[in-house]
Amino acid sequence: MRDDSTTRALTERLDRELPPGRLSTDPAVTAGYAHDEAEWAPYGTPLALVRPRTAAEVQRVVRACRDFRVPIVTRGAGTGLSGGANAVDGCVVLSTETMTTIKKIDPLERLAVVEPGVVNDHLRAACAEQGLWYPPDPASAPWSTIGGNVATNAGGLCCVKYGVTRDYVLGLEFVTAAGELVQVGRRTAKGVAGYDLTALMVGSEGTLGVITEVTLRLRPRRLPEHTVAGYFSSTVDAGRAVAAVGAAGLTPSALELVDRHCLAAVDAWKNMGLSTEADVVLLGRTDAPGPAGEEEAEAMRRCFAEAGATYAVRSTDQQEADALFEARRLAYPALERLGPVLTEDVCVPKAAVPEMLGRIDAIAARHETLIANIAHAGDGNLHPLLITPPGDEEARKRAQAAFHDIIAEALALGGTVTGEHGVGLLKREGLADELGPEVMALNRAIKDALDPEHLFNPGKVVALHTGS
């Protein structure tokens with residue numbers, strides 16, 4: 001336990017060096033910043049919350065915490081699902097929520113320069129005004145911030161064709177463990193100088209530095225999409241359709257799976273009537289230009305039908321098509337209404353999607369746990385959602401056992417423990433199993449080099465077995 005004199009000295013320094021309103025030590029305030037949305041991930045009690053508005057203010061916070069050897073946990077909107085932004089006892093939580101300036105959108109270079117607190121959808125709207133598009137679109141895009149998206153290397157619905165956040169980060173400004181403000185990356189079309197420290201920072205979950213600015217690659221505004229919907233009697237059949245789409249050489253702009261549990265939860269909440277028509281819905285989209293788009297949509301429809309769809313159709317009603325994808329985005333909050341939701345985030349090769357979905361069904365039965373499935377199925381990123389009745393401790397234990405079994409089965413099929421949510425606290429053991437001791441040692445060496453005192457987000461990601 002940190003002694004009161006150290007706590008008092010640190011908070012007095014922060015209060016002295018930061019403008020008014022940046023620092024809070026009120027437990028009623030700091031409690032709201034102690035954890036993200038990861039169900040059952042442990043968290044501690046922060047000693048203070050700081051909400052800096054400039055990179056210089058971030059430097060002052062980092063230097064003060066370094067001098068007093070107090071941990072720093074950086075967070076954005078707190079929408080994470082792995083415990084990556086969870087506080088540790090006696091830490092300072094540094095929230096970037098007030099760093100919300102879009103500094104530049106450059107149509108010629110097709111890039112944007114933003115502060116980390118900019119909300120994903122706000123950036124996308126600003127880009128659209130100039131005929132540009134920022135592709136990464138996690139389901140939390142209306143609330144999650146660019147800094148948080150960078151920290152977890154977030155994905156989304158269009159990643160099957162357009163990639164994840166790392167594919168769009170050209171450069172970063174961040175504060176190091178020494179309190180220095182550095183810039184890495186580039187704003188040129190090409191650049192191969194030095195080690196790729198930008199890519200290293202993306203997905204590092206606040207364990208290597210505090211990001212204060214992000215330079216992002218943009219694309220031209222996308223073309224209108226064609227939507228294909230397929231109804232299936234099982235997740236395995238839908239998984240076969242996913243594999244068939246890949247085998248046919250098609251590159252959909254989205255390929256999403258929603259199972260009967262999710263459909264029923266959305267219907268109970270929004271009365272959309274989807275669960276009366278299908279046990280599983282597979283939603284595909286293509287944004288290929290002109291006739292090629294229509295041909296690809298028809299080819300996708302045939303893949304659905306040949307894989308066993310009970311109904312497969314190209315949507316000609318844009319409002320109806322948008323409603324189907326809205327149901328996909330509503331699935332997670334709809335399930336939360338039923339009880340605590342433990343969210344998985346494994347990714348397997350496309351060919352293994354049907355097998356993995358079948359194994360998830362078997363795990364649900366073995367552990368007597370309700371597991372709903374949503375998925376960015378086109379790139380093999382599955383999100384089994386484990387739901388338990390509120391207050392049922394035995395159900396919680398069964399769900400946690402099922403969670404670990406899903407990770408083990410994904411690795412057995414050549415997959416990975418996380419496709420976009422990050423490692424945080426929930427996936428540390430799985431990461432060690434996936435990488436092996438030699439690669440884990442390399443990861444720890446990087447952590448030791450960039451954060452030798454392990455003050456940045458201690459205990460997260462690669463910190464397992466290091467004594468942190």
Side-chain angles (χ1 to χ4, degrees), residues 36 38 40-44 69 71-75 80-88 91 148 150-155 164-166 169 172 174 176-178 184 194-211 342-349 352 356 380-382 400-468:
D36 63 16
W40 303 322
Y43 59 91
R69 296 192 175 183
I72 302 170
V73 176
T74 306
R75 62 173 275 144
L81 293 165
S82 67
N86 284 14
V88 297
C91 75
V150 171
T152 59
N153 195 16
V164 294
T165 299
R166 180 178 283 121
V169 179
L172 294 168
F174 66 94
T176 70
V184 297
Y195 297 130
D196 193 349
L197 299 180
T198 304
L200 175 64
M201 289 295 294
V202 180
S204 62
E205 301 185 44
T207 63
L208 302 178
V210 181
I211 295 169
L342 183 60
T343 306
E344 263 288 11
D345 171 40
V346 294
C347 192
V348 298
M356 187 65 207
N381 191 182
L382 311 182
Q400 288 179 316
F403 183 88
H404 292 297
D405 282 0
I406 290 170
I407 292 173
E409 294 292 1
L411 293 179
L413 290 171
T416 179
V417 299
T418 175
E420 58 186 5
H421 292 171
V423 174
L425 291 169
L426 295 181
K427 298 297 183 75
R428 293 182 307 178
E429 293 182 15
L431 181 69
D433 291 339
E434 178 179 339
L435 299 186
E438 296 82 7
V439 178
M440 283 295 291
L442 292 175
N443 278 264
R444 288 197 293 269
I446 292 169
K447 171 69 171 174
D448 291 340
L450 297 186
D451 181 21
E453 296 189 57
H454 285 211
L455 295 182
F456 284 141
N457 211 8
K460 313 294 173 54
V461 191
V462 298
L464 193 66
H465 309 314
T466 65
S468 294

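Along the sequence shown, residues carry numbers from 1.
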Compile the donor-acceptor pairs under 3.5 Å between side chains in residues 403-415 and protein atoms, sequence neighbours left out, one pair per line.
from   : atom 1 : to     : atom 2 : distance (Å)
Asp405 : OD2    : Arg366 : NH2    : 3.2
Asp405 : OD2    : His367 : NE2    : 2.6
Glu409 : OE1    : Arg359 : NH1    : 2.7

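- Under the rule for a side chain to side chain donor-acceptor pair (under 3.5 Å), Glu205 has no partner lying at least two apart in sequence or in another chain.
- The distance from atom CZ of Phe174 to atom CE of Met201, rounded to the nearest 0.5 Å, is 4.5 Å.
- Panel note: side chain Lys447, backbone Thr207; a donor-acceptor pair is recorded below 3.5 Å.
- Among residues two or more places apart in sequence or in another chain, the side chain to side chain donor-acceptor pair (under 3.5 Å) test is passed with Thr418 by Asp345.
- Counting all heavy atoms, side chain and backbone alike, Cys347 lies closest to Gly419 at CB-CA, 4.2 Å.
- For the pair His454/Arg69, no side-chain contact is recorded, criterion being any heavy-atom separation below 4.5 Å from C-beta on.
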Fill in: Chi angles and distances behind the side-chain contact (heavy atoms from CB on, under 4.5 Å) call for Leu208, Phe456
CA-CA 6 Å; Leu208 302 178; Phe456 284 141; 5.8 Å; no
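- In this structure, Leu200 and Val184 have side chains that are not in contact, with every pair of non-hydrogen atoms separated by 4.5 Å or more.
- Shown here are the side chain to side chain donor-acceptor pair (under 3.5 Å) partners of Thr416, two or more places apart in sequence or in another chain: Glu434.
- The two residues Gly424 and Arg428 come nearest to each other via the heavy atoms O-CG, 3.2 Å.
- The distance from atom CG of Asn381 to atom CD of Glu344, rounded to the nearest 0.5 Å, is 10.5 Å.
- Closest non-hydrogen pair, Pro71 versus Val88, comes out as CB-CG2, 4.1 Å.
- Heavy atoms only, all atoms of each residue included: Ala85 and Arg75 are closest at CB-CB, 3.8 Å.
- Summarising the geometry of Gly83 relative to Ala41, their closest heavy-atom pair is CA-CB, 4.1 Å, with the distance given to 0.1 Å.
- Under the side chain to side chain contact (heavy atoms under 4.5 Å, CB included) criterion, Leu431 pairs with Val423, Leu435, Met440, Val461, Val462, sequence neighbours left out.
- Looking only at distances, no side-chain donor or acceptor of Arg166 sits under 3.5 Å from a matching main-chain atom of Asn153.
- Every residue was checked against the salt bridge (charged side-chain N to carboxylate O under 4.0 Å, His left out) condition with Glu420, not counting sequence neighbours, and none meets it.
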Practice prompt. Go through the steps to decide whether Leu425 and Tyr43 satisfy the test side-chain contact (heavy atoms from CB on, under 4.5 Å), and finish with yes or no.
Written response: CA-CA 10 Å; Leu425 291 169; Tyr43 59 91; over 6 Å; no
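- When all heavy atoms of Asn86 and Asn457 are compared, the closest pair comes out as O-OD1, 4.2 Å.
- With Asp36 contributing its side chain and Gly84 its backbone, the two residues share a donor-acceptor pair below 3.5 Å.
- Rounding to the nearest 0.5 Å gives a distance of 9.5 Å between CG of Leu81 and CG of Leu342.
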